[in-house]
Amino acid sequence: MSDKIKFELEFVIQSSPQMLYQYLATPSGLSEWFADNVNSRGEKFAFIWDGAEEEAKLLKRKTDEFVRFAWEEAEDDSFFEMKIIVDEITKDVSLFITDFAEDDEIDESKMLWTNQVSDLKQVLGSS
């Protein structure tokens, strides 16, 4: 198995950090843009796409700032993180995505995140 490569993406989102955080950290918020359905029990989140379920553990979170998950089946230290950054001068809100993918899957992963965040922007009325 080859090592996964870390990549980061940044998206400007027209939303308050508080509102955006609700879409990143709650099952109901994540169900609106990230997966078809999301359930959670404590730190365990079940993400459902087209009937297939993937489990992730909530590793860390800081209210209105970031959430970090790790896929249960991941056999390495990879994770995915969604971080809210507010520019101190312009007050623009950005969503920073950190994720890991195999070398030959990075472009596909970036495209997937771009599509997902596009859905998020539509839900927020930010597109």
Side-chain angles (χ1 to χ4, degrees):
M1 183 175 111
S2 62
D3 289 334
K4 290 184 177 178
I5 296 167
K6 180 178 176 180
F7 66 90
E8 296 178 318
L9 298 167
E10 178 184 4
F11 302 93
V12 175
I13 309 270
Q14 277 137 18
S15 168
S16 71
Q18 297 78 14
M19 182 186 224
L20 179 55
Y21 182 79
Q22 296 305 310
Y23 285 93
L24 306 180
T26 65
S28 61
L30 287 162
S31 293
E32 296 222 23
W33 69 279
F34 188 73
D36 297 338
N37 196 9
V38 181
N39 300 308
S40 73
R41 273 204 196 103
E43 311 269 293
K44 297 257 190 225
F45 280 66
F47 295 91
I48 300 157
W49 289 277
D50 298 325
E53 187 172 307
E54 300 271 345
E55 295 217 339
K57 182 176 182 192
L58 179 63
L59 298 178
K60 288 184 182 177
R61 77 165 146 208
K62 187 167 183 185
T63 303
D64 300 339
E65 290 189 27
F66 77 92
V67 290
R68 180 183 289 183
F69 293 94
W71 295 112
E72 288 289 322
E73 85 275 356
E75 295 172 8
D76 53 23
D77 294 333
S78 64
F79 59 87
F80 67 98
E81 182 177 87
M82 298 176 279
K83 185 184 291 186
I84 301 167
I85 305 287
V86 180
D87 185 288
E88 289 185 22
I89 297 166
T90 65
K91 300 298 180 205
D92 286 343
V93 175
S94 292
L95 177 61
F96 269 78
I97 306 289
T98 303
D99 199 358
F100 292 79
E102 301 288 335
D103 192 23
D104 60 347
E105 295 173 356
I106 287 185
D107 289 341
E108 187 180 327
S109 294
K110 285 181 176 180
M111 196 165 67
L112 184 65
W113 274 111
T114 301
N115 290 337
Q116 300 291 78
V117 172
S118 175
D119 290 348
L120 172 62
K121 286 181 175 184
Q122 284 190 321
V123 169
L124 288 166
S126 166
S127 52

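From a predicted model like this one, the values you see are computed outputs, not experimental measurements.
- Paired with Glu81 under the rule side-chain contact (heavy atoms from CB on, under 4.5 Å), one option of Ile97, Leu24, Thr98 passes, and it is Thr98.
- Residues satisfying the ring pair (Phe, Tyr, Trp, His ring centres under 6.0 Å) test with Phe34, not counting sequence neighbours, are Phe47, Trp49, Phe80, Trp113.
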* To do: In sequence, state the C-alpha distance, the side-chain angles, and the governing distance for Trp33 and Gln116, and then conclude on side-chain contact (heavy atoms from CB on, under 4.5 Å).
  => CA-CA 6 Å; Trp33 69 279; Gln116 300 291 78; 3.9 Å; yes
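- Residue Asp87 qualifies as enclosed at atom CG: its count of foreign heavy atoms under 6.0 Å is above 12.
- Connection of Leu58 to Phe100 is not established within any shared hydrophobic cluster, with ILVMFWY side chains joined at heavy-atom distances below 4.5 Å, either directly or through further cluster members.
- Atom CG of Asp92 is separated from atom CD1 of Ile85 by 12.5 Å, given to the nearest 0.5 angstrom.
- Surrounding CZ of Arg68 are more than 12 heavy atoms belonging to other residues, nucleotides or ligands, all under 6.0 Å away.
- When all heavy atoms of Pro27 and Val38 are compared, the closest pair comes out as CB-O, 3.4 Å.
- Between the CG atom in Asp99 and the CD atom in Glu8 there is a gap of 10.5 Å [rounded to 0.5 Å].
- The number of heavy-atom neighbours closer than 6.0 Å to CD of Glu88, taken from other residues, nucleotides and ligands shown, is 12 or below.
- Taking each heavy atom of Ser109 and Phe7 in turn, the nearest pair found is CB-CZ, 3.5 Å.
- Nearest heavy-atom pair, Ser94 versus Glu10, reported as atom, atom and distance to 0.1 Å: OG-OE2, 3.1 Å.
- Remark: Tyr21 OH to Lys62 NZ distance equals 10.5 Å, nearest 0.5 Å.
- When all heavy atoms of Pro17 and Asp64 are compared, the closest pair comes out as CB-O, 4.0 Å.
- There is a path of hydrophobic side-chain contacts, each under 4.5 Å, that joins Ile84 to Phe11.
- The closest side-chain heavy-atom distance from Ser78 to Trp71 is not below 4.5 Å.
- A distance of 5.0 Å separates CE of Met82 from CZ of Phe69, quoted to the nearest 0.5 Å.
- No more than 12 heavy atoms of other residues, nucleotides or ligands shown are found within 6.0 angstrom of CD on Glu108.
- Contact check for Leu124 versus Leu20: side-chain heavy atoms found under the 4.5 Å cut-off.
- Atom CD of Glu55 sits about 9.0 Å away from atom CD1 of Ile48, to the nearest 0.5 Å.
- At distances below 3.5 Å, at least one donor-acceptor pair connects side-chain atoms of Asp36 with backbone N or O atoms of Asp50.
- The same ILVMFWY cluster, assembled from side-chain heavy atoms under 4.5 Å apart, contains both Leu95 and Val123.
- Taken together through direct or relayed side-chain contacts under 4.5 Å among Ile, Leu, Val, Met, Phe, Trp and Tyr, Phe66 and Val117 form parts of separate hydrophobic clusters.
- Under the side chain to side chain donor-acceptor pair (under 3.5 Å) criterion, Glu72 pairs with Lys44, sequence neighbours left out.
- Taken from CG in Asp119 to CD in Glu32, the straight-line distance is 11.0 Å, to the nearest 0.5 Å.
- By the rule that hydrophobic residues join a cluster once side-chain heavy atoms approach within less than 4.5 Å of another member, Leu59 and Leu30 end up as members of separate clusters.
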